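Written below as structure tokens is the structure these notes are about.
Worth saying up front: this structure is predicted, and the values here are computed from it rather than measured.
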Amino acid sequence: MTLDAVDQLRRLRNEQRRNSVLFRVFAVGSVIAIGASLLFEQRLSWLMAITIMVMLMGAVLRHRMAQQTRHNITQWEALLQAQQRQANQQEAWRRMRELLQRDLDEDAFLRALLDTSAEVLGAERASLWFLDKDRSLTCRMSLVEALNGIRLAPSGLDGYLASLTQNPCLVTSDAQHDERLSGLHHYLCNNRIHAMLDVGIFVGGELRGAICCESTTPREWHGDEITTLMGFAGLLSQFSESLRRREVEHDLYRQLYHDEVSGLATLRGLLERLQALTQRDEAFHLLVLRLGGLGHINETLGQQAGDEAIRQVAEKLQERLTELQGSIHVGRLPANRLLIAIPGQTDESLRRYCLARLLSLGDNSWRIFGTPSQLRFNAGVARYPLDAQDIESLLQRAELAVQHARETPPPHLAFYTSQLSDWEQRLNRLARELRTALDERQFRLYLQGQFDPAGRLTGAEVLLRWQHPREGLLAPGSFIAEAEYSGLIRPMGQWVLDQACDLLGGALHGSELSLSVNVSVQQLHDDAFITHLTQLLERHAFEPRRLILEVVESLLVTPGVAARLNALRALGVRLALDDFGTGYSSLRYLQDFRVDEIKIDKVFVDAITPRCDAPLVRSIIALGKALELRVVAEGVENSAQQDYLCARGIDFLQGYYLALPEPMDAFLRRLEKTLPE
């Protein structure tokens, strides 16, 4: 409200009072004049006539002046009211903008919006209605408690929603007879609503609901009131967008800093706490705990079971860590690893604790969704500040230690040492050289013949050699472990399998010879392995039984391998159990996993001498006969071993005494000389 408007209204009211006083004076004078003319009878008759005329004109003039003054006063009063409303609306707008910036929760903001709308518009009923997926309207919040949660069916909302979609607002002073609201007649009558001012809420250009102000008495809605409510609807749209953004940011924060499965912090969530330890220059051990056996649980029981296993381990781990003094920080790393920062312990005390309380978790009988399951634990430890002065380097060294722990005998615990860095550098160097060897075709195929007891060549084992540009010809023992660590064993194994199939379908196509090819665990776990082998069999068109895939005995206890082995046998290829007796030899495994032959490891054949019996060899051969399996003896190096094995019923022999491993070309040339013309 401006001072000019107040002054003008005051002047008009003063003028109205002055005019009223002057008219009264004029009327009194006119009455006196008329009275005088009556006293003097005819002599003043003209005065009376003039006075009457003047009185009539004055009355008309006064009426017009009074009417104009009242009109002016009404206009100025309306202007003052409008200015007062605008001032109130601006103040309300300012308050709502401040609330929008304060990041209130949804309920608090909506309640403030309704209270402010009702106050500014002078409406006793204000509510928020949101549009559902089925196009029904639900009252999200209302100043009338009875309306909260009410749902209006979509069948009667067509006209109402169409009006809000086409226009920013719906204004009516006679709601019960408004055609646009015909579908809401029952709601309007039950609530005795006469006037309505509804403004649509749009998010991303789509109608999502409405702010509704209702009156149970007839009233008109001013233009500034409509504008104000439209502004509030715009604020609500901004709030919705802000709320959605905050929810996305919150979800992102939780994903980055909190692991939903285990309930632990992620590495990112732990970094601030770990950095605080380094800033205080507080010594601590950083431990990476790796869970083995999750892959088997995932494959046999499903991903949810794997998540449940991680949750149970995290719960048990936190329970045991409470026994230690100091502030222990626990988090989850990607895949199957947990991270633990433990201050206040010596190397020896931590070693004892890990062996007694952490690695012993593998001895627990874990039940995942009611199914007994086995988990294994490896731990790698790096020390701050002894092993590294920053978190990233410290974590890398703890990871290196846990990788080394996996390759050591139980208990699988390793502390970082500088020798591990040398070991890692050697692994990295060999991995780079192996990649180069694949690209530059430095690998060579060697064959070692296999013979029956009569000395006839029946097949050969395919062996891999590396023609190293500096170190010369290398046997697999010099690089296979590194190939498995780096994952290069898959492309290398695929190359060997390709060459073997090419031989069986090409140079050896006219013979009955079989070829044995070693297959690694990583190859069997590769989803593309069986598909690739199927394509090779179709392309080279040889009898699948002539291809023998050798798997190490320890592979039988690897989770998820049974289905892969069965799929391979379904293709018609034969399976051989390599190095039998050195891994997990058990009749149960031979019953559960159907193979075609077993290969007696060289370590047992070495025990055969002219003066000593070899009961293990006899037992393995007898076991093979009982199970109707072919038995192959590896590492035959003299005639005494050959004679002993043949006398005990061996099926096939392989070793340096019978044939050395030789390049593929040399093997084929020798084969041509022995074949009948």
Side-chain angles (χ1 to χ4, degrees), residues 295-296 299 434 438 443-448 450 459-466 475-477 479-505 514-540 542-580 582-585 589-590 592-601 629-630 632 634 652 654 661 664:
H296 178 59
E299 289 185 6
L434 285 171
L438 277 169
F443 291 113
R444 301 289 182 265
L445 209 64
Y446 273 57
L447 300 175
Q448 184 177 26
Q450 294 176 340
E461 181 177 359
V462 178
L463 304 171
L464 183 64
R465 299 290 185 268
W466 180 8
F479 58 85
I480 285 297
E482 290 78 8
E484 291 178 343
Y485 177 77
S486 63
L488 292 172
I489 193 67
R490 287 195 295 270
M492 290 166 57
Q494 180 174 311
W495 181 82
V496 172
L497 187 62
D498 289 349
Q499 297 297 311
C501 290
D502 186 57
L503 265 178
L504 289 170
S514 61
L515 291 182
S516 298
V517 179
N518 285 279
V519 178
S520 70
V521 177
Q522 293 187 36
Q523 284 178 276
L524 283 179
H525 279 297
D526 189 348
D527 292 335
F529 177 72
I530 294 179
T531 302
H532 182 69
L533 178 58
T534 303
Q535 294 171 348
L536 288 176
L537 294 174
E538 293 175 352
R539 183 188 311 154
H540 296 290
F542 59 87
E543 292 185 53
R545 66 178 182 82
R546 294 176 58 207
L547 177 64
I548 302 172
L549 300 182
E550 295 186 7
V551 296
V552 294
E553 187 179 357
S554 58
L555 183 68
L556 298 185
V557 297
T558 302
V561 77
R564 301 299 174 104
L565 295 180
N566 290 334
L568 289 173
R569 296 194 83 252
L571 293 178
V573 301
R574 287 185 287 180
L575 299 178
L577 205 56
D578 197 14
D579 301 334
F580 185 79
T582 63
Y584 297 84
S585 55
Y589 290 128
L590 291 178
D592 294 344
F593 300 91
R594 181 63 179 163
V595 296
D596 299 282
E597 69 179 44
I598 53 177
K599 300 187 74 174
I600 303 176
D601 190 76
L629 301 176
R630 296 166 21 128
V632 182
E634 294 183 299
F652 302 99
Q654 175 183 340
M664 181 176 61

Who pairs with [X] by salt bridge (charged side-chain N to carboxylate O under 4.0 Å, His left out), at least two apart in sequence or on another chain?
X	result
R630	E597
D596	R569
R574	none
R539	none

Which residues share a side-chain hydrogen bond (donor to acceptor under 3.5 Å, both in side chains) with [X], sequence neighbours left out:
X	answer
E543	R545
E550	K599
D526	none

Item to complete: Check side chain to side chain contact (heavy atoms under 4.5 Å, CB included) between P661 and all other residues, then give those that pass, not counting sequence neighbours.
Response: Y446, Q448, L463, R465, Y656
Worksheet item: What residues, two or more places apart in sequence or in another chain, satisfy side chain to side chain contact (heavy atoms under 4.5 Å, CB included) together with Q522?
Response: E484, I489, R490, S520
Report yes if some heavy atom in the side chain of [X] is under 4.5 Å from a heavy atom in the side chain of [Y]; otherwise report no.
X	Y	value
L497	V462	no
L577	V551	yes
W466	M492	no
L549	L533	yes
I600	V632	no
V573	L537	yes
P544	L571	no
L488	F479	no

For residues [X] and [Y], report the shortest heavy-atom separation together with the two atoms involved.
X	Y	answer
Q523	N518	OE1-O, 4.1 Å
A500	L515	O-CD1, 3.7 Å
V517	V496	CG1-CG1, 3.9 Å

Nearest 0.5 angstrom please: [X] [atom1] to [Y] [atom2], how far?
X	Y	atom1	atom2	answer
F652	S516	CZ	OG	9.5 Å
L536	T531	CG	OG1	11.0 Å
L445	L464	CG	CG	7.5 Å
H540	L547	NE2	CG	10.5 Å

Response to the item:
In short, side chain to side chain donor-acceptor pair (under 3.5 Å) pairs touching residues 493-505 with sequence neighbours left out are D498-H532
